[in-house]
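Working notes for the structure below.
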There are 2 protein chains.
Amino acid sequence: MTDTAPRPTLEAVAARAGVSRATVSRVVNGGDGVREALVTRVRRAVEELGYVPNQAARSLVTRRHDAVAVVIAEPETRVFADPFFALQLRGISKELTAHDNQLVLLLTEGRDDHVRVGRYLAGGHVDGALVFSLHLDDPLPGLIQHAGVPTVFGGRPGWSESGGDAVFVDSDNRGGAREAVRHLVGLGRSRVAHITGPLDQTSAADRLEGFRDVMPDADPRLVEESDFTPAGGERAMRELLDRRPDVDAVFAANDLSAAGALRVLRERGRRVPEDVAVIGFDDMLPVAEQTDPPLTTVRQDIEGMGRLMARLLLDRLGHRTAEGAEGAPSSVVLPTTLVRRASA
Amino acid sequence: MTDTAPRPTLEAVAARAGVSRATVSRVVNGGDGVREALVTRVRRAVEELGYVPNQAARSLVTRRHDAVAVVIAEPETRVFADPFFALQLRGISKELTAHDNQLVLLLTEGRDDHVRVGRYLAGGHVDGALVFSLHLDDPLPGLIQHAGVPTVFGGRPGWSESGGDAVFVDSDNRGGAREAVRHLVGLGRSRVAHITGPLDQTSAADRLEGFRDVMPDADPRLVEESDFTPAGGERAMRELLDRRPDVDAVFAANDLSAAGALRVLRERGRRVPEDVAVIGFDDMLPVAEQTDPPLTTVRQDIEGMGRLMARLLLDRLGHRTAEGAEGAPSSVVLPTTLVRRASA
DNA sequence: ATGAAAGCGCTAACAC
DNA sequence: GTGTTAGCGCTTTCAT
């Protein structure tokens, strides 16, 4: 098939431009300290020959790869039914591309994969890692710390030990939850229920905290643990209605479970928002805009989180992406905004 | 921070095991033609030192990277609101991982990115590429062909010229559409409408073909072009109802637009499926299971498509993944299945 | 079956 | 400023 035409080397470009390899190398890498005339000549030779640097040869000597691993640890299919990671990836990709870095995607499911990922990261194939680790008991962060690769986490890692120095980017889950619940209270609702996410995930735990911040004395029967799925939302809503038929508002930890709750409310003859006001979380458009009624929810800037993660990592790798603020970059918590639609 | 402990080299392992670098290299690469005793000794040394081969050095001489690029060209945000790519990626990742290949993700939006991707692929940084190119006028396939990298496409590429030799994996869009429409006909419906996707995408075009296969004489007013979005589905459904109030079934080109259609039907007081039966396409669970009523739809094995794409590419790269069928691998069209829920 | 040695293409001291 | 040179860590003939 494709005749692998031997790609031109530095040597070839040097010959063509009538200079040494070193000069070509300098030009290719920015051209500082090379006379304008030569720079132009070399550039043209590069152009004419269609020269592309051999990244392997370069890495071999620089020990840099201009590549970053993105590790998504998600055993559950559910997460893939959700555009969350896709959006983060998009943000990450944009930022990495802008700084000429490659994105190596590592998807894991299960322990075996953890070992594999650990080895890969420790193997020094990439300059850094962006890691999504959503569960409290996830061994991955530990493995990565062990691998000694500069890392930024997506979402607050849920580990207690030595977590102090972990750099992460997260949404203000707690603040967003507070805002949602306050909005419900502002609507005059006093019997506000909360359908939680899986509480071994920090995002779900933080949203529950936010709920409690505003409703510190809530009847425990107004809180039902669920799992971020529509079916889970349905189940939880039934439970809540059975226990407290007088409930007049629901804050669901994500849009999917809110959609489930909405269905049960309709089925039980409750009008939304007249009888029961409902708020979700995420502002996952294909869900939030399609429910009946459309869902009031807490929006987080998912793509922005991705961008920021990449930027933080590149900073840490010495890429000084923008403002020269080098030094130990620290974690960032991004604000959320309440999006009002018809459900509350 | 992390003290970059100099990672052990082949040299170090050789010294430790009391053999030459060449021998260690042989062992690391399979150990053929090396005495058992030595193999064991080397293996232990590798273990003890925690040796991991330097991929850059290896690539430099072998000209292989054990890495594959996945190119997703999608200017539209919509696609990211859809778990389609995430699932394909998962399938791809599994297969690549199983064969020790890395996945380099290239996301593009817009012409500038095309150039960048073209250069990257031509640069010989990866052994092959998996490309999702969904639009008829997409210049990407051309660029890639030009780059001379072994490639497998996701979805039938929509280019006319020289497309004969392109290897791709696709769902049986046409067959699935036929099955859906036949099902509607089998239900006794005779005024079956079709809400298409954007017809510059082969998947949408093929589904329309399938519709026409079964309804060759359909009133043109029963076909309305749309765009795979819920809002587009609503608009199309309104149009159809205005033109043909007697419509008794709708085949929508995807679940999202079917969901939009469902809303309009309810709003107009049509009962589903009694008055109008509705079928979607994709079996995108968070949508299809959450509509009211739940959507009958055509399922495609998205993850399977991803796996297969990777397998085909690896075959082509000489990885002989399973059955030794080497030689020119050819395109594959995967079957679809009708999933019956309540809407038809 | 094993070792010695020659590069792969590039960057980075170091000379000039 | 520009050229010379010595490797980066590995695979792969070619001897032995």
Interatomic distance, B:Tyr51 atom OH to B:Glu11 atom CD [nearest 0.5 angstrom]: 11.0 Å

Atom-pair distance (CG on A:Leu60; P on D:dG7), nearest Å: 14 Å

Separation of A:Ile92 CD1 from A:Leu130 CG (nearest 0.5 Å): 5.0 Å

Sugar-phosphate, base or nothing in reach of A:Arg63, heavy atoms under 4.0 Å: sugar-phosphate

Spacing between B:Leu10 atom CG and C:dA5 atom P, to the nearest angstrom: 17 Å

Protein-nucleotide distance (B:His65, atom NE2; D:dC10, atom P), rounded to Å: 16 Å

Aromatic contact, B:Phe85 with B:Phe132 (centres under 6.0 Å): yes

Atom pair distance, as rounded to whole Å: CG in A:Asn54 and P in D:dC10: 16 Å

Position toward the 5' end of DNA chain D (nearest nucleotide), A:Arg26 or A:Arg21: A:Arg26

Any A:Arg35 side-chain N or O less than 4.0 Å from OP1/OP2 of D:dG1: no

Nucleotide of D:dT2, C:dG9, D:dT12 approaching B:Ala22 most closely (side-chain heavy atoms): D:dT12

Crowding at CZ, A:Arg116 (>12 non-hydrogen neighbours, <6.0 Å): yes

